[in-house]
Colleague: 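One structure, pasted below without further comment.
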Amino acid sequence: MNTQLAPVPGRHDHPPQSVRSPETHPVRRVGLVDRAVMHLGIALIRWGRRPVKARRGVRPTLAPESIAASRELDRVRDEYLALKLTQFR
């Protein structure tokens with residue numbers, strides 16, 4: 001069966017909406033308090049996004065144990081890599 005039906009002319013709203021004219025739509029006026037709160041919110045957003053300057057003070061020094069552990073880690077890693085490189089020869 002290959003019968004095709006022409007669509008019915010008219011509006012097809014999905015989902016169906018009630019038609020409201022602009023005159024029936026209530027308009028809410030923006031008051032002074034609403035404007036003040038909006039400006040306060042925008043100011044807080046701008047203040048929160050301001051760039052942070054890095055402090056150029058004294059750098060914290062690492063503890064001697066941390067330095068020794070880092071050197072030991074580097075030594076063991078180099079030793080392991082040297083052993084692995086000699087396996088392929």
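In this chain, residues are counted from 1 in sequence order.
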Colleague: How is the hydrophobic cluster of L40 composed, in terms of its other members, when Ile, Leu, Val, Met, Phe, Trp and Tyr link through side-chain heavy atoms under 4.5 Å apart, directly or indirectly?
Modeller: L44
Colleague: Is it true that the NZ or CZ of R49 lies under 6.0 Å from the centre of W47's six-membered ring and within 45 degrees of the ring axis?
Modeller: no
Colleague: So do R77 and D74 actually touch side chain to side chain, heavy atoms under 4.5 Å?
Modeller: yes
Colleague: Who clusters with V37? Use side-chain heavy atoms, under 4.5 angstrom, across I, L, V, M, F, W and Y, and order the result by chain and number.
Modeller: V33
Colleague: So which atom in R35 and which in V30 form the shortest heavy-atom distance, rounded to 0.1 Å?
Modeller: CG-CG1, 3.8 Å
Colleague: Going by atom type alone, with no hydrogens or angles, which donor-acceptor pairs under 3.5 Å involve a side-chain atom of residues 62-72 and a protein atom two or more places apart or on another chain?
Modeller:
unit_1 : atom_1 : unit_2 : atom_2 : d
E72    : OE1    : R75    : NE     : 3.3
E72    : OE2    : R75    : NH2    : 2.5

